[in-house]
Each structure stands twice: as structure tokens, then as C-alpha cells.
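Here the structure is a predicted model, which means the values were calculated and not measured.
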Amino acid sequence: MELNYTNILIGFWLATVLMSVWRLWWPAITMLKLIKPDSITVRWWFLSGIVFAIMSCIVAPLLLPAVLHEKYRFRFVATYVEAVK
């Protein structure tokens, strides 16, 4: 496969989506399991992860600061848990 701009952009995009699921969604779902274990998001965690990954595909560049910076990651996870709870 030839290395060109499109391949680099797709790799960046997919890496950002995977990192956002790993560093944003997974800690949020873990917190939700502790705070509200009977939540529909906790019961349907697999579907919730798929929806989060799809939405992350759409806004991947906007999630990059939250993925890379600890302060923004904490704020994102706390806000996500409050919104879902």
C-alpha cells in the first residue's frame, strides 16, 4: 500500500476514535457501574460503546484535546457521567 495523505488521515482518525473509547468511554462506564449500576447504559454497555464509537468517528478531531490532556479528560468523563446518569 502506498503511503499518501489519505492513508495518514484515515490512520489518524481511527487512532483517535480508538483512544477516545479507551480513555474516555471506558472510565466513564466504570464510574457509572459504581455510581448507578442499574442504569440502562450499564446494562447495555456494549451497545453504548458502539454508539459512542460511532459518534467519536464523527467528531474525532474535537475529542483529541480530551484524549491527550488529563484535565480535559477528567472534565469530559465527569460531564459524560452526569449527563448519562
Side-chain angles (χ1 to χ4, degrees):
M1 183 192 294
E2 185 179 330
L3 185 63
N4 56 22
Y5 179 71
T6 307
N7 292 341
I8 293 172
L9 186 64
I10 290 172
F12 164 75
W13 212 277
L14 291 178
T16 304
V17 170
L18 290 176
M19 285 183 355
S20 70
V21 170
W22 177 42
R23 291 187 47 94
L24 299 175
W25 178 79
W26 190 253
I29 205 74
T30 306
M31 281 177 101
L32 277 171
K33 285 179 185 177
L34 296 174
I35 295 171
K36 193 170 180 185
D38 59 337
S39 171
I40 193 166
T41 307
V42 173
R43 282 188 283 153
W44 293 86
W45 64 271
F46 188 73
L47 185 61
S48 149
I50 291 172
V51 170
F52 187 86
I54 290 170
M55 297 305 286
S56 294
C57 284
I58 297 169
V59 295
L62 300 176
L63 286 176
L64 199 56
V67 169
L68 297 177
H69 198 272
E70 194 68 29
K71 181 177 88 172
Y72 298 136
R73 183 170 76 97
F74 178 76
R75 187 179 299 166
F76 181 92
V77 170
T79 306
Y80 184 80
V81 167
E82 276 298 315
V84 171
K85 182 170 80 161

Scan residues 43-70 for pairs that pass salt bridge (charged side-chain N to carboxylate O under 4.0 Å, His left out), counting only residues two or more places apart or in two chains.
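Listed once each, the pairs are Arg23-Glu70, Glu70-Arg73.
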Could you work out, with side-chain hydrogen bond (donor to acceptor under 3.5 Å, both in side chains) as the rule, every residue matching Trp25, not counting sequence neighbours?
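Expected list: Ser48.
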Residue list, side-chain hydrogen bond (donor to acceptor under 3.5 Å, both in side chains) with Asn4, at least two apart or on another chain
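If we apply the side-chain hydrogen bond (donor to acceptor under 3.5 Å, both in side chains) test to Asn4, skipping adjacent residues, the hits are Asn7.
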Leu62 atom CG, over 12 foreign heavy atoms within 6.0 Å:
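Enclosed: over 12 neighbouring heavy atoms sit under 6.0 Å from CG of Leu62.
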In terms of heavy-atom contacts, does CZ of Phe12 have more than 12 from other residues, nucleotides or ligands at under 6.0 Å?
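Atom CZ in Phe12 is packed in, count exceeds 12.
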Between [X] and [Y], is there shared hydrophobic-cluster membership here, with clusters defined by ILVMFWY side-chain heavy atoms closer than 4.5 Å?
X     : Y     : answer
Met55 : Val67 : yes
Leu47 : Val17 : no
Ile35 : Phe76 : yes
Trp22 : Val84 : no

Can you name the one residue among Leu32, Val81, Val51 that meets side-chain contact (heavy atoms from CB on, under 4.5 Å) with Thr41?
Leu32
Could you pull out all residues at least two apart from [X] that satisfy side-chain contact (heavy atoms from CB on, under 4.5 Å)?
X     : result
Trp26 : Ile29, Thr30
Lys33 : Val42
Leu68 : Met19, Leu64
Ile50 : Phe46, Ile54

Among pairs that include at least one residue of residues 49-67, which meet side chain to side chain donor-acceptor pair (under 3.5 Å), considering only residues two or more places apart or in two chains?
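Qualifying pairs, neighbours excluded: Ser20-Ser56.
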The remaining residues in the hydrophobic cluster of Ile10, counting side-chain heavy-atom contacts under 4.5 Å among Ile, Leu, Val, Met, Phe, Trp and Tyr, are Leu14
Does Tyr72 have any ring pair (Phe, Tyr, Trp, His ring centres under 6.0 Å) partners at least two apart in sequence or in another chain, and if so, which?
His69
Under the rule for ring pair (Phe, Tyr, Trp, His ring centres under 6.0 Å), what residues qualify as partners of Tyr80, not counting sequence neighbours?
Phe52
Mind listing the closest non-hydrogen atom pair of Trp13 and Cys57 along with its distance?
NE1-O, 2.6 Å
Nearest 0.5 Å, please: how far is OG1 in Thr79 from CG in Leu24?
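It is 11.0 Å, given to the nearest 0.5 Å.
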